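Remarks on the structure that follows.
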Amino acid sequence: MNPPAIRVVAIAAACILGLTAATFPADEVHWTITGQNSVTVDWRGGDAEVRYGTTQALDRRVEAVAPEPLPFSSRGPFREAKITGLDQNTLYYYSIGGGPLHTFRTPPPRGGSGFTFYVQGDIGGSLDWKHVAECQALIAEGRPDFVLCVGDLTYGNSVGQHAVDTHFNDVMRWSLDAAYMPAWGNHEWDKPRSDDLRNYKGRFDLPNPQSSPADRRYPYTGGGEDWYWFDYGNVRFVAYPDPWSGAWADWAQRAEEVMAEAEDDTAITFIVTFGHRPAFSSGEHEGEPELQGFLGTLRARNPKLVLNLNGHSHDYERTYPQGGVVHVTAGTGGSNLEEESGSGCPWRGGCPEPPWSAFRAMHHVAVRLHVENDRIEGTVYCGPAGGGGSNTNDIACAQGSVIDSFTIYPYGLKPGAPKPPSEEEEEAQAKKPAPGR
Ligand SMILES: [Fe+2]
């Protein structure tokens, strides 16, 4: 046995690293897809071990480690357990320290389909916004395989650090059994005196993590997990970073390689981008011309890119295809809507809607995407109603009813349409000498 002094040092070191059992059950539990055969589970408190298996016997186990960087919203302890060597397309049961049994699922085979995900941004915590819990419950009802949370996850930088922990508990309505795949919004990094990316990068292990150039004014920008990409069945999902200095230009150049690879991959039918800020929006935050340019160029070179998902404006809006890409703003995760007051038009971009806007609603909604081999089906469910003041609605709907639906086919065209030529192919064609010369 170790002498007492060594044992005290060992226990202190384990406490600092957060590796001992906490005095409270595991909470803030969520997991990410990290590859075809792996997931990573993150949580706070409880035991530092996850048991899992294809049956409820849970015959395998993995020790958690303290994540890097370490979140600071509360004392923790914060845990992260990487689980590798899994079978693809398989449902696993898991439990943290003998706690309740939940499930995670690995991605379908490459090229597979028949899966469902939701997208939401601008979420927050239920102690600050009354609709957060209802919006998360609506998503849970849809039993998605994963949820894209497109930035402004907690608002810890404007309402306090309690919101960070509250948010990660609120989403447990679905995040115990569906993957939580994030993108970063301005509220995660742009007021570094009140919050920074440690609370977010430290809570997620991301697939194919990529670094953007660091912006020295903002700690933890750069250095990894600024954006990432992953394949799920027949879709390549490509996240984009938030635009701290130089991040978008760098992304556009490097995303080109990630997309070009998907263009050449016969298992991939669709490319979907997701991030916080909109390229097109008639809500509180108008579309970003720089992002329109980057996405337009990427689409011209990579015709599998058909859908872009974002938040930032707290409303729901869908565009007609813009250069072949449908843009969906889903800034309705639960924090207050951002309606204009006084003018009679709640949309900062004006009334009636601009010609590119196919449908919009100043209302909380849940946005569901279902992917088949030859289509992406979007279904938008009415969320909790507002009541004047903040959250004034411009449509009336029964909670849970469908307010918008749309279908996107390969290349954004009708079913069965041939692949359009890429920009390069068109240029090569133009350079060919005409026959008979
Ligand atoms: Fe935002």
Side-chain angles (χ1 to χ4, degrees), residues 118-125 128-129 131-132 135-136 147-161 163-164 166-168 170-171 180-197 199-201 203-204 212 215 217-218 220-221 225-227 239-245 247-248 251 273-292 294-295 308-319 327-340 346-349 360-365 367 383 390-391:
Y118 278 61
V119 57
Q120 61 168 345
D122 311 280
I123 305 164
D128 298 286
W129 289 283
H131 287 334
V132 175
C135 289
Q136 303 317 303
V147 179
L148 299 179
C149 293
V150 288
D152 289 3
L153 306 175
T154 74
Y155 297 96
N157 76 350
S158 50
V159 297
Q161 288 294 309
V164 182
T166 305
H167 165 86
F168 284 98
D170 290 335
V171 296
Y180 183 147
M181 305 304 289
W184 314 138
N186 50 301
H187 279 271
E188 274 76 71
W189 62 273
D190 75 353
K191 294 195 187 100
R193 273 189 288 185
S194 41
D195 200 4
D196 65 47
L197 283 162
N199 271 331
Y200 308 99
K201 289 185 174 181
R203 276 183 168 90
F204 295 96
S212 299
D215 185 328
R217 295 167 298 171
Y218 302 102
Y220 301 95
T221 58
E225 294 195 322
D226 298 298
W227 62 280
Y240 55 89
D242 218 41
W244 56 80
S245 180
W248 275 355
W251 173 81
T273 48
F274 65 102
H276 183 57
R277 302 197 197 210
F280 292 87
S281 164
S282 63
E284 174 72 11
H285 304 283
E286 63 182 351
E288 304 271 356
E290 193 185 6
L291 195 53
Q292 286 176 17
F294 288 137
L295 288 171
N308 179 53
L309 303 166
N310 61 266
H312 200 36
S313 289
H314 297 197
D315 55 59
Y316 170 73
E317 186 163 31
R318 171 174 60 87
T319 72
H327 296 258
V328 171
T329 294
T332 60
S335 62
N336 284 352
L337 298 172
E338 290 177 331
E339 69 282 331
E340 288 293 288
W347 295 86
R348 195 165 180 189
R360 64 182 188 177
M362 193 61 75
H363 203 290
H364 283 92
V365 297
V367 181
S390 290
N391 295 322

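When a ligand or atom number is given, it counts from 1 through the structure's own listing order. Heads up: numbering here begins at 1 and tracks the sequence. Since we're looking at a predicted model, the values are computed, not measured.
Residues Arg277 and Asp242 form a side-chain contact, since some pair of their non-hydrogen atoms from C-beta on lies under 4.5 Å apart. Side-chain contact check for Tyr180 versus Leu153: some heavy-atom pair is nearer than 4.5 Å.
With 2.8 Å as the limit, His276 counts as an N, O or S neighbour of the Fe ion (ligand 1). The Fe ion (ligand 1) has an N, O or S atom of His312 closer than 2.8 Å. Under 2.8 Å from the Fe ion (ligand 1) lies no N/O/S atom of Asp122, from backbone or side chain alike.
Nearest N/O/S atom of Asp152 relative to the Fe ion (ligand 1): this is OD2.
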* **Residues Glu284, Glu340; criterion side-chain contact (heavy atoms from CB on, under 4.5 Å); working and verdict** => CA-CA 8 Å; Glu284 174 72 11; Glu340 288 293 288; 3.3 Å; yes

* To do: Report the C-alpha distance between Trp189 and Trp184 in whole Å, list the side-chain angles of each, state the deciding distance to 0.1 Å, and finish with yes or no for ring pair (Phe, Tyr, Trp, His ring centres under 6.0 Å).
  => CA-CA 8 Å; Trp189 62 273; Trp184 314 138; over 10 Å; no

